[in-house]
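To start, the structure itself, in structure tokens.
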Amino acid sequence: QTPGDVRVATRDRRGRLAELRADYVIVTAPATIVRRMQFEPALPAEQQRALETLPYGCATKTLLQCARPFWRRPGRPWAYGTNLDVGALWDGSEEQKGRAAILVSLAGGSASGAARDLFQREGAQPFVERLRWMRGAASSSSASRSGSSHAPEVIASSITTWEDDPWAGGAYAYFSTDFDPSSRRWLSAPAGRVLFAGEHTSVEWQGYMNGAVTSGQRAAAEVIALGLSDA
């Protein structure tokens, strides 16, 4: 950046260099990516240290579209927290029309890798077969009498392991005992014409989509303020 503008240089997969010039830049990438960027002039040492030491959690989210929502039973919950490899489970198609529905599995921490490996090793159908207990005891007995003990067919599925995503490097930021609390303010501090947003910069909603939205609004307000001071 210069006193009058900011230039962003990127290189595509073929190695071709492109440059974008702007009055201001809002960096919304997670800290795992920001710390791989080169800033000229360099960010303040405190800010760089905050970005370098901020840890990210592991999470695998699996979406299972079933031919019918076998978990929807009278008197049965539509969401569960478990200590299983599949993590937390909930109905992802509430109030949606149609017979098919999506069951969401979110495995965090050490369960993330276990859920990913389970899905890759066994596939979507065996994955959902492990969730037959969501039918409830009465449903399971009636299914046994009818000779159908299997969960409904999975017609589509999708899985994302955020720590394996090269553009994410993790699911969400968290503040471990190794992270200096006084460094938190540096995550959202403007560096001249370069501003920062993202859930990791949020004070009230860190780790949530709400934090990403409110931090974007905050960064936009900072750009307006800077523009007025430059005028």
Side-chain angles (χ1 to χ4, degrees), residues 1-63 106 108 112-113 116 120 158-176 178-180 183-231:
Q1 62 174 307
T2 69
D5 65 6
V6 183
R7 293 188 299 276
V8 180
T10 62
R11 196 178 297 276
D12 64 17
R13 293 182 179 180
R14 296 183 179 180
R16 294 176 301 192
L17 190 66
E19 188 173 277
L20 174 68
R21 188 184 298 264
D23 293 328
Y24 307 96
V25 169
I26 300 178
V27 180
T28 62
T32 53
I33 306 304
V34 179
R35 54 192 178 220
R36 287 157 40 189
M37 297 177 180
Q38 296 180 358
F39 293 87
E40 297 178 10
L43 298 176
E46 297 89 345
Q47 190 164 26
Q48 188 64 41
R49 187 180 308 111
L51 292 166
E52 292 284 353
T53 57
L54 182 65
Y56 273 70
C58 300
T60 291
K61 178 176 281 189
T62 307
L63 307 180
L106 179 61
S112 176
R116 175 199 59 205
Q120 292 177 347
S158 174
I159 183 170
T160 301
T161 300
W162 296 108
E163 61 267 28
D164 293 343
D165 186 328
W167 300 110
Y172 49 83
Y174 70 94
F175 301 105
S176 68
D178 294 330
F179 186 82
D180 184 351
S183 297
R184 186 170 182 177
R185 66 186 181 87
W186 284 103
L187 297 173
S188 59
R193 293 177 174 269
V194 179
L195 303 100
F196 297 88
E199 57 85 13
H200 62 289
T201 70
S202 174
V203 174
E204 296 182 351
W205 292 103
Q206 169 268 325
Y208 293 90
M209 185 175 69
N210 310 53
V213 173
T214 57
S215 69
Q217 295 170 334
R218 182 257 308 150
E222 290 173 344
V223 168
I224 294 173
L226 287 171
L228 291 175
S229 64
D230 287 344

Inset, instruction - Provide the closest heavy-atom pair for A22 versus D5 in the form atom of the first, atom of the second, distance. - result: O-CB, 3.4 Å
Legend entry - Shortest non-hydrogen contact from A29 toward V34: O-CG2, 3.3 Å
Inset, instruction - Spell out, as yes or no, whether a donor-acceptor pair under 3.5 Å connects the side chain of E199 to the backbone of A173. - result: yes
Inset, instruction - Please check if the side chain of R193 supplies one atom and the backbone of P3 the other of a donor-acceptor pair under 3.5 Å. - result: yes
Legend entry - D12 (side chain) donor-acceptor with R16 (main chain) under 3.5 angstrom: yes
Legend entry - Candidate pair T10 and V8, rule side chain to side chain contact (heavy atoms under 4.5 Å, CB included), full reasoning: CA-CA 7 Å; T10 62; V8 180; 4.2 Å; yes
Legend entry - W162 side, atom CH2; K61 side, atom NZ - distance, nearest 0.5 Å: 7.5 Å
Legend entry - Closest contact, heavy atoms only, L54 versus F175: CD1-CE2, 3.5 Å
Inset, instruction - Name all residues meeting the side chain to side chain donor-acceptor pair (under 3.5 Å) criterion together with E46; count only those two or more places apart in sequence or in a different chain, and write none if there are none. - result: none
Legend entry - Residues R116 and D164 bridged, charged N to O under 4.0 Å: yes
Inset, instruction - Specify the closest pair of heavy atoms between A171 and A59, including all atoms of both residues, with the distance to one decimal. - result: CB-CB, 3.4 Å
Legend entry - Between T201 and S188: side-chain donor-acceptor atoms closer than 3.5 Å: no
Inset, instruction - Output yes when a side-chain donor or acceptor of T53 lies under 3.5 Å from a complementary backbone atom of F179, and no otherwise. - result: no
Inset, instruction - Answer yes or no: is there a donor N or O on one side and an acceptor on the other, between the side chain of R35 and the main chain of L51, under 3.5 Å? - result: yes
Legend entry - Closest contact, heavy atoms only, Q1 versus V194: NE2-CG2, 3.8 Å
Legend entry - Pair L226-D23, side chain to side chain contact (heavy atoms under 4.5 Å, CB included): steps then yes or no: CA-CA 10 Å; L226 287 171; D23 293 328; over 6 Å; no
Legend entry - Closest non-hydrogen atom pair between R7 and T2, with its separation: NH1-CG2, 3.8 Å
Inset, instruction - Calculate, to the nearest 0.5 Å, the distance between atoms OH and OG1 belonging to Y56 and T32 respectively. - result: 5.5 Å
Inset, instruction - Inspect the surroundings of CD in E204 and state if more than 12 heavy atoms from other residues, nucleotides or ligands are less than 6.0 Å away. - result: no
Inset, instruction - Check for a donor-acceptor pair, side chain of R184 on one end and backbone N or O of V203 on the other, with a separation under 3.5 Å. - result: yes
Legend entry - Reported OG1-to-CD1 distance for the pair T62 and I159, which is rounded to 0.5 angstrom: 3.5 Å
Inset, instruction - Would you check if the side chain of Q47 reaches a backbone N or O of A189 as a donor-acceptor pair within less than 3.5 Å? - result: yes
Inset, instruction - Carefully, step by step, assess Y24 and E222 under the rule side chain to side chain contact (heavy atoms under 4.5 Å, CB included). - result: CA-CA 10 Å; Y24 307 96; E222 290 173 344; over 6 Å; no
Inset, instruction - Please confirm whether the backbone N or O of D178 pairs with a side-chain atom of S176, one donor and one acceptor, at under 3.5 Å? - result: yes
Legend entry - Nearest-0.5 Å distance that lies between atom OG1 in T160 and atom CG in L63: 7.0 Å
Legend entry - Any donor-acceptor pair under 3.5 Å from S112 side chain to G108 backbone: no
Legend entry - Straight-line distance of L43 CG to E52 CD, nearest 0.5 Å: 10.0 Å
Inset, instruction - Hey, can you tell me if W205 and Y208 have their rings parallel, tilted or perpendicular (30° and 60° cut-offs)? - result: perpendicular
Inset, instruction - Side-chain contact test, heavy atoms from C-beta onward, threshold under 4.5 Å: evaluate it for W186 versus P44 and give yes or no. - result: yes
Legend entry - Interatomic spacing from OG in S202 to CE in M209 - rounded to 0.5 Å: 12.5 Å
